[in-house]
Each structure stands twice: as structure tokens, then as C-alpha cells.
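Worksheet for the structure shown next.
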Amino acid sequence: MDMNADGSSLLDFFENHEHRMIHKWMHYFEIYERHFQQFRGKDMTLLEFGVLHGGSLQMWKHYFGPGAQITGVDINPRCAELAEERIEIIVGDQEDRDSLRNICNTHAKFDIIIDDGGHTMTQQILSFQELWFHLKDGGVYLCEDTHTSYWPNFGGGYRKQGTFIEYTKSLLDQLTAWHSHDPALVVNEFTRSAFAVHYYDSMVFFEKRAMNAPYARMKGTPSFPLEAAEQAVYNRG
């Protein structure tokens with residue numbers, strides 16, 4: 001690789017370095033930087049579904065630095081030829097739960113998981129269901145190209161049940177299930193493990209963190225007499 005460019009950003013690598021082919025929507029690079037820069041220069045692991053020509057795996061390897069171990073997964077056995085130092089290739093099927101579970105059984109939990117695979121609804125949903133709990137606390141899960149949730153040839157459609165976007169809308173309910181008084185919405189393992197969900201054009205990011213029930217506090221001198229409920233919170237300090 002040409003190391004004259006300083007690698008200060010993923011876009012720099014894309015534009016200025018020698019690498020295998022990378023296919024990305026250009027607005028992705030700014031968003032990557034926002035969520036991934038915290039992992040730079042650290043010992044970390046990344047799993048990406050969708051190898052294509054292997055260029056994005058090289059980009060992650062360069063960007064995160066010498067402590068990064070990169071794993072790519074693709075259904076095409078030809079992609080196995082693209083393995084190199086610190087880049088492992090697995091031949092696997094996103095639509096096969098056993099294939100996904102085999103990844104979990106043979107690898108330690110990952111810091112970052114990126115779904116840039118086949119982009120069908122089944123692939124995106126199954127991959128999230130099987131891999132979310134194989135993400136480390138403090139890790140980030142990214143599903144790319146979620147515009148396919150609106151494309152019929154990928155199983156999508158506007159507000160169509162069963163798309164990845166509609167699936168994630170139910171996860172937003174789970175994110176705040178701590179506050180629900182409805183027996184149909186109760187705290188579950190996703191509620192206890194999800195810190196945030198970020199939506200962008202064609203991308204959804206999930207931040208994982210061990211979560212406890214939220215609570216409120218009041219500090220300072222009241223300006224007016226407190227209602228009973230306010231007084232109870234205030235008294236807790």
C-alpha cells in the first residue's frame with residue numbers, strides 16, 4: 001500500500017491509497033468516523049458481512065491500526081483468496097442460523113459488527129438476532145444499506161411488515177421499555193443491553209452497553225412548594 005497519505009480518515013484511505021475495490025455511498029464516511037474513531041489505535045476486533053473484492057476489509061485494517069483483527073464473511077467461496085495478515089475470511093451464509101452461530105462458537109465477541117452483506121430482509125434480521133449478543137459491551141453494530149427495506153426486489157416496501165426498518169422500530173420501543181405500564185411491552189435482554197440506536201440515510205447503528213433501570217434526581221433549592229411526587233424524588237437526594 002502507498003503509505004504517503006496519512007490515513008487520518010477513512011475517506012483519505014478510499015481516495016488516496018492503493019487498495020482492492022471498495023463500493024460505498026459517499027455520505028457513509030463521515031458517519032463511520034463519528035462512531036468508529038473511539039476504536040482507533042486499540043486492540044480490537046471487527047466482523048464484516050460482505051467481502052466483495054476485499055477493499056473495505058483492508059480499509060478497516062489500515063484505519064484501526066496494528067491492534068486490529070479483521071474478519072470478513074461472505075457466501076462466495078472465491079472470497080477466501082482475499083485473506084491476508086490480520087484479515088481472516090469465513091465462508092458463511094447470513095440466511096442460515098447455524099452458519100451464524102458457528103461464527104459465535106468459534107470466535108470471541110467482537111468490538112464492531114458491520115452488516116454489508118446481501119441486504120435482504122431475512123439476512124439483516126437473522127444476522128442481528130444471532131450476532132447482537134456476540135458483540136462486546138461498549139461495541140457498535142452497524143447495518144448498512146437499509147434503503148433495501150423500501151426495495152421490493154430485496155423483500156422491502158414502505159411500512160411493509162417484516163422489513164429490517166420495521167423490525168428496528170419495535171426495538172425502539174424496547175429501548176425505553178423501562179417506562180412502560182403496558183404488559184405487552186416489558187424490559188427484555190435488548191433493553192438491558194442497548195444504550196442507543198442511531199438512524200441515518202441507509203444506515204442504522206446500535207451501541208451496546210450494560211443498562212440498568214434509569215432514575216431521576218433533584219438537586220438544588222426549590223423555588224416553590226413541591227408536590228408530593230416531586231418531594232419524594234427530592235428527598236432521595
Verdict with supporting geometry, Tyr32 and Lys24, side chain to side chain contact (heavy atoms under 4.5 Å, CB included): CA-CA 11 Å; Tyr32 288 146; Lys24 294 292 182 184; 3.0 Å; yes
Lys61 vs Glu85, salt bridge (Lys or Arg N to Asp or Glu O under 4.0 Å): CA-CA, chis, key distance, verdict: CA-CA 9 Å; Lys61 173 183 168 179; Glu85 183 183 3; 5.0 Å; no
In one Ile/Leu/Val/Met/Phe/Trp/Tyr side-chain cluster, 4.5 Å: Leu126, Ile114: no
Output field: ring centroids Phe206/Phe128 closer than 6.0 Å: yes
Glu30 atom CD: more than 12 heavy-atom contacts under 6.0 Å: no
Point-to-point distance, once rounded to the nearest 0.5 Å, from CE of Met121 to OG of Ser149: 4.0 Å
Positive for side chain to side chain donor-acceptor pair (under 3.5 Å) with Gln58, one of His19, Arg86, Glu84: Glu84
Minimal non-hydrogen separation, Ser99 against Gly92, with atom names: OG-CA, 3.4 Å
Side-chain donor/acceptor of Thr148 to backbone N/O of Thr120, under 3.5 Å: no
Side chain to side chain contact (heavy atoms under 4.5 Å, CB included) evaluation trace for Val204 with Ile165: CA-CA 9 Å; Val204 183; Ile165 288 295; 4.1 Å; yes
NE2 (His179) with more than 12 external heavy atoms under 6.0 Å: yes
Ser56/Glu48 under side-chain hydrogen bond (donor to acceptor under 3.5 Å, both in side chains): CA gap, chis, key distance, verdict: CA-CA 9 Å; Ser56 66; Glu48 181 172 38; 2.7 Å; yes
No-hydrogen, no-angle side-chain donor-acceptor test under 3.5 Å, Gln69 and Thr45: no
side-chain hydrogen bond (donor to acceptor under 3.5 Å, both in side chains) between His107 and Glu88, intermediate numbers included: CA-CA 11 Å; His107 292 74; Glu88 172 195 20; 3.0 Å; yes
Non-hydrogen side-chain atoms of Arg209 and Met211 separated by less than 4.5 Å: yes
Working for side-chain hydrogen bond (donor to acceptor under 3.5 Å, both in side chains), residues Tyr28 and Asp145: CA-CA 10 Å; Tyr28 283 11; Asp145 296 348; 2.4 Å; yes
Using atom types as modelled, flag every donor-acceptor pair under 3.5 Å from a side chain in residues 185-195 to any protein atom, sequence neighbours excluded.
unit_1, atom_1, unit_2, atom_2, d
Asn188, OD1, Gln174, NE2, 3.2
Asn188, OD1, Phe190, N, 3.0
Asn188, OD1, Thr191, N, 3.0
Asn188, OD1, Thr191, OG1, 3.0
Glu189, OE2, Arg192, NH1, 3.1
Thr191, OG1, Gln174, O, 2.8
Thr191, OG1, Gln174, NE2, 3.1
Thr191, OG1, Asn188, N, 3.2
Ser193, OG, Trp132, NE1, 3.0
Ser193, OG, Glu189, O, 2.7
Ser193, OG, Phe190, O, 3.3

Salt-bridge present (Asp111, Lys136; N to O < 4.0 Å): yes
Salt bridge (Lys or Arg N to Asp or Glu O under 4.0 Å): pairs with one or both residues in residues 156-180, sequence neighbours excluded: Glu166-Lys169
Ion pair check, Arg101 and Asp96, cut-off under 4.0 Å: no
Inter-residue atom distance Leu100.CG - Gln123.CD, 0.5 Å rounding: 9.5 Å
Candidate pair Ile75 and Val91, rule side chain to side chain contact (heavy atoms under 4.5 Å, CB included), full reasoning: CA-CA 5 Å; Ile75 197 171; Val91 178; 5.8 Å; no
Side-chain heavy atoms of Leu131 within contact of Phe49, under 4.5 Å: yes
Steps toward side-chain hydrogen bond (donor to acceptor under 3.5 Å, both in side chains) verdict (His134, Tyr141): CA-CA 10 Å; His134 206 66; Tyr141 189 107; over 6 Å; no
Ring centroid separation Tyr63 to Phe36 under 6.0 Å: no
Side chain to side chain contact (heavy atoms under 4.5 Å, CB included) assessment of Leu82 paired with Arg20: CA-CA 10 Å; Leu82 304 178; Arg20 295 191 177 105; 3.8 Å; yes
Geometric class of the Trp151/Phe154 ring pair [parallel <30°, tilted 30-60°, perpendicular >60°]: tilted
